[in-house]
Amino acid sequence: MKIKKTILLTITTLWMTLPVAFAQKLKLIQGDLSALKDETELNVAYEYSPMRVGKFEKEEDYIAKKKAEYNEKEAGRGEKWEAAWIGDRSERFEPQFEELFNKHAKNLKVGSNPSAKYTLIIKTTFTEPGFNVYVTRKNASIDGQAIVVKTGDTTPIATISFEKAPGRTFGGYDYDTGTRIQEAYAMLGKSLGKFMSK
């Protein structure tokens, strides 16, 4: 009976600390969002350069290291990994961000809408790919800025910083790097959609 109580207490404590452990920070650091009050759709664009990755100041250094490691194990595997690393952006991360943003924003949708008055630029400046090797893990996360501009212009109307948008799957079956990072963009979409609806 005592063991059951201890286990239950441990699970409850872990469950209560999850929102804190995986919290992300969104902050309006420039301008305001009042220009969007009558808008129902935004164009969306994505920027990934320059971007730090893990302990690497430059993404290209991270890619070079991973390619060499994979090619050492199997010829050509590094090139396949690199293609997936870049391809996941348009195939997984961006659709996931848009789906969750649109689900949680009120009266505001994002997507490929070049005729929209305003464009939301998601600029990722840091990616932590994380890892999951069965006995130990580190969650993925992304940092950057969400910048609102008039479509066709580069002058920011509003800039929202995001830090530590967490990426992991429930149950921990996220052994694939792309899956973990995809979840970070999903979390960003959900949180940013709510934030911009306030």
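In this chain, residues are counted from 1 in sequence order. Heavy atoms only: backbone and side chains are in, while hydrogens, waters and symmetry mates are out.
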Atom [atom1] of [X] and atom [atom2] of [Y]: how far apart are they, to the nearest 0.5 Å?
| X | Y | atom1 | atom2 | value |
| --- | --- | --- | --- | --- |
| E47 | T124 | CD | OG1 | 9.5 Å |
| N43 | L120 | CG | CG | 9.0 Å |
| I181 | Q96 | CD1 | CD | 13.0 Å |
| E183 | L188 | CD | CG | 12.5 Å |
| D143 | F162 | CG | CZ | 7.5 Å |
| I160 | M196 | CD1 | CE | 5.0 Å |

Mark yes or no for whether [X], through its side chain, and [Y], through its backbone, hold a donor-acceptor pair below 3.5 Å.
| X | Y | answer |
| --- | --- | --- |
| T159 | I147 | no |
| S141 | P166 | no |
| D32 | S34 | yes |
| R180 | G130 | yes |
| N71 | G78 | yes |

What's the shortest heavy-atom distance between [X] and [Y], and which atoms?
| X | Y | result |
| --- | --- | --- |
| T127 | M51 | OG1-SD, 3.2 Å |
| E128 | G54 | OE1-CA, 3.7 Å |
| S197 | K106 | OG-N, 2.7 Å |
| V110 | N113 | C-ND2, 4.0 Å |
| V44 | E98 | CG1-OE2, 3.4 Å |
| F97 | I122 | CZ-CD1, 3.6 Å |

Measuring only between side-chain heavy atoms, which start at C-beta, is [X] closer than 4.5 Å to [Y]?
| X | Y | answer |
| --- | --- | --- |
| K25 | K164 | no |
| P129 | V53 | yes |
| P50 | E60 | no |
| Y118 | V149 | no |
| F195 | L28 | yes |
| S191 | M187 | yes |
| L108 | L42 | yes |
| N102 | K109 | yes |

How about Y185 and F93: are their ring centres within less than 6.0 Å of each other?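 Yes.
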Does V148 belong to the same Ile/Leu/Val/Met/Phe/Trp/Tyr cluster as L26, with side-chain heavy atoms less than 4.5 Å apart forming each link?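 Cluster IDs for V148 and L26 match.
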Please evaluate residues Q145 and I29 with respect to the criterion side chain to side chain contact (heavy atoms under 4.5 Å, CB included), reporting the C-alpha separation (whole Å), side-chain torsions for both, the decisive distance (0.1 Å), and the verdict. CA-CA 9 Å; Q145 295 180 336; I29 58 173; 3.6 Å; yes
Quick check on salt bridge (charged side-chain N to carboxylate O under 4.0 Å, His left out): which of K66, R52, R89, K65 does E59 satisfy it with?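 That would be R89.
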Specify whether W85 and Y62 have parallel, tilted or perpendicular ring planes, treating 30° as the upper limit for parallel and 60° as the lower limit for perpendicular.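 Taking Y62 first and then W85, their aromatic rings sit tilted (interplane angle of 30° to 60°).
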What is the ring orientation for Y46 with Y48, classed by angle as parallel under 30°, tilted 30 to 60°, or perpendicular over 60°?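 Parallel: the ring planes of Y46 and Y48 meet at under 30°.
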Mark yes when over 12 heavy atoms from residues, nucleotides or ligands other than K190 sit less than 6.0 Å from its NZ; otherwise mark no.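 Result for NZ/K190: open.
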Counting heavy atoms not belonging to D61, are there more than 12 under 6.0 Å from its CG?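 More than 12 heavy atoms, drawn from other residues, nucleotides or ligands, come within 6.0 Å of this atom.
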Under a 3.5 Å cutoff, is there a donor and acceptor pairing between the side chains of R92 and T179?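 Side-chain D/A pair, R92 to T179: present.
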When you look at I142 and F126, which way does the side chain to side chain contact (heavy atoms under 4.5 Å, CB included) test go after all the steps? CA-CA 6 Å; I142 54 174; F126 172 73; over 6 Å; no
